[in-house]
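Here's the structure we're looking at; comments come further down.
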Amino acid sequence: MDVITEIYNLDRDGSKDYLSAGQTQLPSLYTVFSVLYLFFLAYWVYVCYTNRRCVHRIHLLMSGLLLFKALNLICAAEDKHYVKVTGTPHGWDVLFYIFQFIRVVLLFTVIVLIGTGWSFLKPFLQEREKKVLMIVIPLQVLANIASVVIGETGPFIKDWATWNQVFLLVDIICCCAIIFPIVWSIRSLRETSKTDGKAARNLAKLTLFRQFYIVVIGYLYFTRIVVFALRTIAAYKYQWVSNAAEETASLAFYLIIFYMFRPVEKNEYFILEEEDEEAAELALRDEDFEL
């Protein structure tokens, strides 16, 4: 015989809600953030067009990252909406996983490329930097496969716990790997500052990369540790709070790094007055200027 089981909540108007009480707000949440990212993308395109003389290849990748982040959220909103109303995603989950895969790979790639200074500081990648990309991208493929298995199944399958462990391990490895290029850039700039006679410019770059390092560490810590803690301790009716916190942190992270590395003709990080040169030399001589 065929048995069909339905589990749902009843809204005040008597309609069925197939999402759990802690996820019923997710369609609206993802819709709001997708609209914010679309406005963000429109403004970024305007900034790039206005300063097109200063646009580098990395800025085009950043535009693609915003586009796929917005598409990912749109598909997530539609996925949760159809599950909420009908109980099935009607194919939106497939698009969600496709755009999520592209978005995550682009995010880690952009962080690595910015950390190496590619495109706006140098037109090439060193061999060790290429190896980082060669490690991160395949690992992200594996992480996304694990994410699909975890999202589309449950603890009832035999290897569900194993896929959770694989996802966690791969995510930690990728988070550690993307930090190395930033540290290499900071060390390289410190070595260069001792010989090229451009103390003020090198100090500005060092300050920029150290701030970028702190922002990346803060983002990874919040989205991996704090969000997990919220998801663990929150009552079942407030499970959506962890999703809201993660999306808010992601939007803040995007805003900060896009502002720091925006295409402008006179970036305060790279254009300094001559009288700052002496002060910069003193600062660079200070051995405490480290991470």
Side-chain angles (χ1 to χ4, degrees), residues 33-34 36-38 40-48 51-52 54-73 98-126 128-144 147 170-186 188 205 208-224 246-247 249-264 267 269-270:
F33 276 99
S34 65
L36 291 176
Y37 275 101
L38 287 174
F40 188 2
L41 174 61
Y43 181 73
W44 178 255
V45 171
Y46 168 76
V47 171
C48 290
N51 302 278
R52 51 189 177 276
C54 306
V55 172
H56 300 285
R57 287 173 289 176
I58 189 66
H59 296 124
L60 301 179
L61 279 178
M62 293 165 77
S63 301
L65 174 59
L66 281 182
L67 174 62
F68 283 104
K69 176 65 175 177
L71 291 174
N72 184 216
L73 285 170
I98 291 173
F99 288 128
Q100 177 176 265
F101 167 71
I102 299 173
R103 189 264 305 173
V104 172
V105 171
L106 268 178
L107 174 62
F108 278 86
T109 302
V110 166
I111 292 176
V112 170
L113 292 178
I114 289 178
T116 62
W118 176 79
S119 186
F120 59 90
L121 289 184
K122 59 185 180 181
F124 58 88
L125 291 176
Q126 296 179 353
R128 63 182 181 180
E129 296 163 351
K130 292 179 182 177
K131 289 179 180 178
V132 172
L133 281 175
M134 293 292 289
I135 292 173
V136 168
I137 293 177
L139 285 177
Q140 281 305 307
V141 174
L142 179 59
N144 277 273
S147 176
V170 170
D171 196 44
I172 291 173
I173 294 174
C174 288
C175 291
C176 294
I178 63 175
I179 297 300
F180 286 108
I182 309 174
V183 176
W184 293 337
S185 293
I186 292 173
S188 176
K205 292 176 182 177
L208 174 65
F209 275 91
R210 187 166 66 169
Q211 291 172 352
F212 179 60
Y213 174 85
I214 293 171
V215 170
V216 170
I217 291 293
Y219 170 72
L220 295 176
Y221 175 81
F222 188 89
T223 54
R224 269 64 182 178
E246 183 175 9
E247 293 301 333
S250 296
L251 180 59
F253 174 71
Y254 280 55
L255 287 170
I256 291 171
I257 64 171
F258 276 62
Y259 175 79
M260 291 170 66
F261 296 96
R262 66 197 186 280
V264 290
N267 194 320
Y269 288 112
F270 302 137

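As the structure is a computational prediction, the values presented were derived from the model and not from experiment. Computed over heavy atoms, backbone and side chain alike; hydrogens, waters and symmetry mates excluded.
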Taking the six-membered ring of Y259 as reference, does the cationic atom of R262 (NZ for Lys, CZ for Arg) lie under 6.0 Å from its centre and within 45° of its axis? yes
Measuring from Q140:CD to L107:CG, what's the distance to the nearest 0.5 Å? 8.5 Å
For L133 and P138, which heavy atoms make the closest approach, and how far apart are they? O-CD, 4.0 Å
Passing option when I178 is tested against V110, V136, I173 for side chain to side chain contact (heavy atoms under 4.5 Å, CB included): V136
With side chain to side chain contact (heavy atoms under 4.5 Å, CB included) as the criterion, how do R103 and L65 come out once you've worked through the C-alpha distance, each side chain's angles and the decisive distance to 0.1 Å? CA-CA 6 Å; R103 189 264 305 173; L65 174 59; 4.3 Å; yes
Classify the side-chain pair T116/W184 by whether it contains a donor and acceptor separated by less than 3.5 Å. no
List the atom of V170, the atom of A143, and the distance in Å for their closest heavy-atom pair. CG1-CB, 3.6 Å
Tell me whether E247 is salt-bridged to K69, with the criterion being a basic N under 4.0 Å from an acidic carboxylate O. yes
Please lay out, stage by stage, how F212 and I256 fare under the test side chain to side chain contact (heavy atoms under 4.5 Å, CB included). CA-CA 9 Å; F212 179 60; I256 291 171; over 6 Å; no
Step by step, would you call Y219 with S250 a side chain to side chain contact (heavy atoms under 4.5 Å, CB included)? CA-CA 7 Å; Y219 170 72; S250 296; 3.5 Å; yes
Y37 side-chain N/O to L251 backbone N/O, donor-acceptor pair under 3.5 Å: yes
One should read off an interatomic distance between I214 CD1 and Q211 CD, to the nearest 0.5 angstrom, of 7.0 Å
At what distance, to the nearest 0.5 angstrom, does CG of D171 lie from CG of L142? 11.0 Å
Determine whether R224 and C175 make a side-chain contact, defined as any pair of heavy atoms from C-beta on separated by less than 4.5 Å. yes
A side-chain contact here means heavy atoms from C-beta on lying under 4.5 Å apart; do V112 and E129 qualify? no
If every non-hydrogen atom of C48 is compared with every non-hydrogen atom of H59, which pair is closest and at what distance? SG-CB, 4.4 Å
Centre-to-centre under 6.0 Å for F253 and F222, is that the case here? no
Parallel, tilted or perpendicular: which describes the rings of Y254 and F258, with under 30° parallel and over 60° perpendicular? parallel
How many angstroms lie between CG in L67 and CH2 in W44, if you round to the nearest 0.5 Å? 14.0 Å
Without swapping roles, check the side chain of N72 against the backbone of F68 for a donor-acceptor pair under 3.5 Å. no
Go through the steps to decide whether V141 and F101 satisfy the test side chain to side chain contact (heavy atoms under 4.5 Å, CB included), and finish with yes or no. CA-CA 7 Å; V141 174; F101 167 71; 3.6 Å; yes
CG (L61) and CG (L66) are apart, to the nearest 0.5 Å, by 11.5 Å
Verify, without hydrogens or angle tests, whether T109 (side chain) and V105 (backbone) share a donor-acceptor contact under 3.5 angstrom. yes
Rounded to the nearest 0.5 Å, how far apart are CG of L113 and CE of M62? 11.0 Å
What orientation do F209 and F261 show, parallel under 30°, tilted 30 to 60°, or perpendicular over 60°? perpendicular
Where Y213 and I186 come nearest, the two heavy atoms and their spacing: CB-CD1, 4.5 Å
